[in-house]
There are 2 protein chains.
Amino acid sequence: MAETGASGGETLLFLTDEQLRKGIEAMFFAYRGFTADPDRILEKHNYGRAHHRAIHFINREPGLTVTTLISVLGVTKQSLNRVLRTLIEDGLVESRVGNRDKRERNLYLTEAGAELEHELSKAQRGRMRAAYRAAGPQAVAGFRQVLEAMMDPDLHRHYQMLKDEA
Amino acid sequence: MAETGASGGETLLFLTDEQLRKGIEAMFFAYRGFTADPDRILEKHNYGRAHHRAIHFINREPGLTVTTLISVLGVTKQSLNRVLRTLIEDGLVESRVGNRDKRERNLYLTEAGAELEHELSKAQRGRMRAAYRAAGPQAVAGFRQVLEAMMDPDLHRHYQMLKDEA
DNA sequence: TTGGAAAGTCAACAAGACTGCCCTAAAAGG
DNA sequence: CCTTTTAGGGCAGTCTTGTTGACTTTCCAA
């Protein structure tokens with residue numbers, strides 16, 4: 001029934017400026033909800049979102065290098081370094097000198113780090129699960145399609161790499 | 001690990017932890033793309049995202065009060081005030097004393113403000129349009145459903161109010 | 001072997017969020 | 001009428017997280 005093709009005499013109502021504007025606002029408000037729960041947890045531990053992001057991706061790909069993490073997060077190495085230093089000092093992250101290349105540092109979560117990761121992840125997944133459940137599987141598929149199409153190409157590359165793990 | 005909600009025979013594959021994790025990462029990467037184009041424009045004008053958000057909602061609802069804008073943006077008045085002051089000084093926003101209630105300030109974009117708004121909006125809509133077009137109308141509907149379900153209730157209220165305008 | 005590039009660290013600064021406190025003007029309620 | 005509340009603003013100070021610039025260590029290639 002649903003004609004997805006944008007061919008010929010299609011009106012493409014979903015591409016009106018008004019529709020696009022609503023999409024923009026939906027992203028803005030949804031992202032606030034998306035970060036609200038982890039933010040509350042992080043505050044208790046005296047950390048910020050930057051710490052959460054680092055912890056997330058170190059957990060996702062244990063042993064990744066600082067340079068890789070920088071390119072995934074899209075920040076400067078100086079910016080990441082401050083965050084990483086506090087996490088290492090607090091014993092949540094371990095930084096091991098690389099094997100082949102001693103300039104590199106491979107990053108791992110300690111047991112305490114994994115514990116915080118789990119707490120944060122559980123809260124965020126809870127919100128996500130509720131939204132997914134409310135919207136249903138079809139909506140979720142669409143949600144993911146639009147988000148993927150919105151990414152910058154190099155970010156999409158990072159996203160794909162993580163996707164292929166399981 | 002966490003309960004996958006697989007009651008009875010239902011598999012609900014889209015609610016697995018792995019699926020939820022991918023959704024979380026998709027939000028992260030997509031939001032970066034979402035803000036990238038406006039960020040570049042704002043930098044030229046020596047403004048930040050906070051200015052963009054203020055301009056967006058003043059354009060959306062001309063004459064709205066400072067208090068309303070504060071609650072929509074979810075920031076403190078001190079935080080908003082700094083941003084608003086520079087926009088007023090630079091002649092992008094006009095602040096008029098309220099009619100019924102002279103304590104209130106009604107905010108409007110000047111011509112210059114509307115011009116910048118248009119430039120920012122055009123860039124962001126362009127990205128949105130490309131994503132929508134690539135994903136198709138069905139996906140867009142799902143996208144919006146999931147985002148709405150992800151909002152905090154009071155943010156969703158603000159979103160709905162803006163939605164009903166046209 | 002030497003010189004450049006790459007990985008990472010340290011120092012200083014800026015934007016933008018926050019709190020707390022003080023202030024004015026206007027509205028609202030006893 | 002007088003007190004309290006509300007809308008808005010100013011100023012000081014803090015925190016997170018981004019930025020550049022300058023530096024060391026390590027690797028690699030001319």
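- Regarding A:Asn81, its CG atom lies at a distance of 16 Å from the P atom of D:dT16, rounded to whole Å.
- A:Arg85 has its CZ atom 10 Å from the C1' atom of C:dA11, to the nearest Å.
- Salt bridge annotation for B:Glu94-B:Arg96: present, with a cationic side-chain nitrogen under 4.0 angstrom from a carboxylate oxygen.
- With 3.5 Å as the limit, one finds no donor-acceptor pair spanning the side chains of A:Thr65 and A:Arg105.
- Ion pairing between B:Arg32 and B:Asp39 fails under the 4.0 Å rule for side-chain N and carboxylate O.
- B:Thr76 comes within 4.0 angstrom of a base, heavy atoms only.
- Residue order along DNA chain D, read from the 5' end via each residue's closest nucleotide, puts B:Val66 first among B:Val66 and A:Asn46.
- Looking at heavy-atom distances under 4.0 Å, A:His52 makes no contact with the nucleic acid at all.
- The distance from atom OH of A:Tyr47 to atom C1' of D:dT16 is 14 Å, rounded to the nearest whole Å.
- At a threshold of 4.0 angstrom between heavy atoms, the contacts of A:Gly74 with the nucleic acid are absent.
- Salt bridge annotation for A:Lys44-A:Glu119: present, with a cationic side-chain nitrogen under 4.0 angstrom from a carboxylate oxygen.
- The distance from atom CG of A:Leu87 to atom C1' of D:dT16 is 13 Å, rounded to the nearest whole Å.
- A donor-acceptor contact under 3.5 angstrom links the side chains of A:Glu148 and A:His156, judged on distance only.
- Taking a cutoff of 4.0 Å between a charged side-chain nitrogen and a carboxylate oxygen, B:Arg157 and B:Asp154 do not qualify as a salt bridge.
- Under 4.0 angstrom from either OP1 or OP2 of C:dA6 there lies no side-chain N or O belonging to A:Thr67.
- For the residue pair B:Ser121 / B:His56, no side-chain donor-acceptor distance below 3.5 Å is found, with atom types taken as modelled.
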Polar atom pairs (N or O), protein with nucleotides 21-24 of chain C, under 3.5 Å:
residue, atom, partner, partner atom, Å
C:dC21, N4, B:Gln78, NE2, 3.4

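- B:Leu84 places its CG atom 12 Å from the P atom of C:dA17, with the value rounded to the nearest Å.
- Here A:Ser79 does not reach the OP1 or OP2 of D:dT17: none of its side-chain N or O atoms lies under 4.0 Å away.
- The aromatic rings of A:Phe57 and B:Phe29 sit tilted relative to each other, their planes meeting at an angle between 30° and 60°.
- Rounding to whole angstrom units, CD of residue A:Glu43 and C1' of C:dC18 are separated by 10 Å.
- A close approach under 4.0 Å does occur between a side-chain nitrogen or oxygen of A:Arg53 and OP1 or OP2 of D:dG18.
- Taking a cutoff of 4.0 Å between a charged side-chain nitrogen and a carboxylate oxygen, B:Asp152 and A:Arg127 qualify as a salt bridge.
- Distance, B:Leu80 CG to C:dA15 P: 17 Å, rounded to whole Å.
- The distance from the CZ atom of B:Phe28 to the CD atom of A:Gln124 is 11.0 Å, given to the nearest 0.5 Å.
- Between the side chain of B:Arg82 and the base of C:dA17 there is at least one donor-acceptor pair of N/O atoms closer than 3.5 Å.
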Tabulate protein N/O versus nucleotide N/O from nucleotides 27-30 of chain D, keeping only pairs under 3.5 Å, one per line.
residue, atom, partner, partner atom, Å
D:dC27, OP1, A:Lys102, N, 2.9

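- Between A:His51 atom NE2 and D:dT16 atom P there is a gap of 7 Å when expressed in whole angstrom units.
- DNA chain D is contacted by both B:Ile70 and A:Gly48; B:Ile70 maps to the nucleotide lying nearer its 5′ end (nearest heavy atom per residue).
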